[in-house]
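The structure appears right after this line, and notes come after that.
It should be emphasised that the depicted structure is a prediction, and the values quoted were computed from it without experimental measurement.
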Amino acid sequence: MCGCFARAREKGGPDTGPSPVDRAKTGSKHHVICDGGGIPLAVRLTGGNRNDITQLLPLVGAIPPVRGRRGRPRRKPDVLVADRGYDHDTYRDALRRRGIRPLISRRGTRDNVQAARWVVEQTLALLHQFRRLATRWERRTDIHHGLLTLATSIICWRRLPNRIR
């Protein structure tokens, strides 16, 4: 689980905000949760100034039922790997109550889940290969979210045939 900033060329609009690291330039954040193979399960779009931790539980709740083996489809992951932006004890407890084991590095310590987190970083890099997502040109949120959904569908379409073989 990770979030990434995308600069907005058209100033203003909903789901945009000043970047905390890029001299307060306007932009949006793409928050992605994916499985261990890099297939995006859920995406969210927020303003650039929103904290990552605010999107943890909505993203976990947005995971659709995933078919796999015979039986009831899975609705939640066993383990959630995230970066330091999601480090908060309240949210760790909320994940444990849902039956999910959090693997989130503590702030101020060495990152011990970096090897597992590269899958999400790679998925974000694939999302930002689509030029309309790397730089947000649309003022309307529904159009940008539609392009985000289309990009995740294309990533799934490209990756799933390789996993079936």
Side-chain angles (χ1 to χ4, degrees), residues 1-8 11-66 74-130 133-136 138-142 144-149 151-152 155-156:
M1 165 162 214
C2 200
C4 189
F5 183 78
R7 189 167 169 211
K11 304 296 182 199
D15 286 335
T16 60
S19 169
V21 294
D22 194 13
R23 296 179 299 185
K25 293 182 180 169
T26 308
S28 296
K29 256 188 190 173
H30 301 141
H31 302 273
V32 177
I33 189 166
C34 65
D35 70 350
I39 295 175
L41 299 174
V43 293
R44 302 248 333 171
L45 177 68
T46 61
N49 56 345
R50 295 287 304 269
N51 288 337
D52 289 341
I53 193 70
T54 60
Q55 300 306 311
L56 178 68
L57 296 178
L59 267 176
V60 170
I63 296 174
V66 179
R74 295 185 55 138
R75 294 197 176 270
K76 63 178 179 154
D78 293 330
V79 178
L80 183 93
V81 178
D83 59 1
R84 287 187 186 104
Y86 298 94
D87 178 31
H88 200 277
D89 288 333
T90 306
Y91 292 94
R92 286 176 191 268
D93 293 338
L95 288 174
R96 286 187 188 107
R97 279 193 302 272
R98 291 182 180 203
I100 301 170
R101 186 169 59 105
L103 281 180
I104 304 171
S105 296
R106 298 272 183 193
R107 293 179 190 214
T109 62
R110 189 164 184 264
D111 191 5
N112 55 358
V113 293
Q114 186 175 7
R117 220 182 61 230
W118 73 270
V119 176
V120 184
E121 301 286 346
Q122 182 186 27
T123 304
L124 276 172
L126 289 175
L127 274 178
H128 285 211
Q129 283 183 348
F130 298 99
L133 295 178
T135 302
R136 183 175 171 178
E138 300 81 19
R139 276 191 159 207
R140 292 178 45 190
T141 303
D142 58 344
H144 190 73
H145 194 273
L147 292 171
L148 190 62
T149 306
T152 57
I155 291 170
C156 289

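- Listed by first and then second residue, the ring-ring contact (aromatic ring centres under 6.0 Å, His included) pairs that reach into residues 89-110 are His88-Tyr91, sequence neighbours excluded.
- Using modelled atom types, no side-chain atom of Ser105 and backbone atom of Asp83 make a donor-acceptor pair closer than 3.5 Å.
- With sequence neighbours left out, Thr152 forms a side-chain hydrogen bond (donor to acceptor under 3.5 Å, both in side chains) with no residue at all.
- The minimum heavy-atom distance linking Ser28 with Leu45 is given by the pair CB-CD1, 3.7 Å.
- Not counting sequence neighbours, Pro64 has no partner by the side chain to side chain contact (heavy atoms under 4.5 Å, CB included) test.
- Residues Leu147 and Thr149 form no side-chain contact, since every pair of their non-hydrogen atoms from C-beta on lies 4.5 Å or further apart.
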For this session: Would you please test Asp52 and Arg44 for salt bridge (charged side-chain N to carboxylate O under 4.0 Å, His left out) and show each step?
Result: CA-CA 11 Å; Asp52 289 341; Arg44 302 248 333 171; over 6 Å; no

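- In this structure, the side chain of Asp87 does not engage the main chain of Arg106 through any donor-acceptor pair within 3.5 Å.
- Of the possible donor and acceptor atoms, none in the side chain of Asn51 sits under 3.5 Å from a partner among the backbone N and O of Ile53.
- The residues Asp89 and Arg96 are annotated as not salt-bridged, no charged nitrogen and carboxylate oxygen being separated by less than 4.0 angstrom.
- Considering every non-hydrogen atom in both Ile100 and Pro77, the closest pair reads CG1-O, 3.4 Å.
- Ring planes of His30 and His128: perpendicular class, angle over 60° (limits at 30 and 60°).
- Annotation: salt bridge (Lys or Arg N to Asp or Glu O under 4.0 Å) contacts of Arg98 (sequence neighbours excluded): none.
- For Asp142, the side-chain hydrogen bond (donor to acceptor under 3.5 Å, both in side chains) partners at least two apart in sequence or on another chain are Arg140.
- Checked against side chain to side chain contact (heavy atoms under 4.5 Å, CB included), Ala62 has the following partners two or more places apart in sequence or in another chain: Ala42.
- Residues passing the side-chain hydrogen bond (donor to acceptor under 3.5 Å, both in side chains) test with Arg101, sequence neighbours excluded: none.
- Annotation: side chain to side chain contact (heavy atoms under 4.5 Å, CB included) contacts of Arg50 (sequence neighbours excluded): Thr46, Thr54, Gln55.
- Partners of Gln122 by side chain to side chain contact (heavy atoms under 4.5 Å, CB included), not counting sequence neighbours, listed by chain and number: Trp118, Arg159.
- Residues Val60 and Lys76 are not in side-chain contact: their nearest non-hydrogen atoms beyond the backbone lie 4.5 Å or more apart.
- Distance alone, capped at 3.5 Å, is enough to place a donor-acceptor pair between the Arg136 side chain and the Arg139 backbone.
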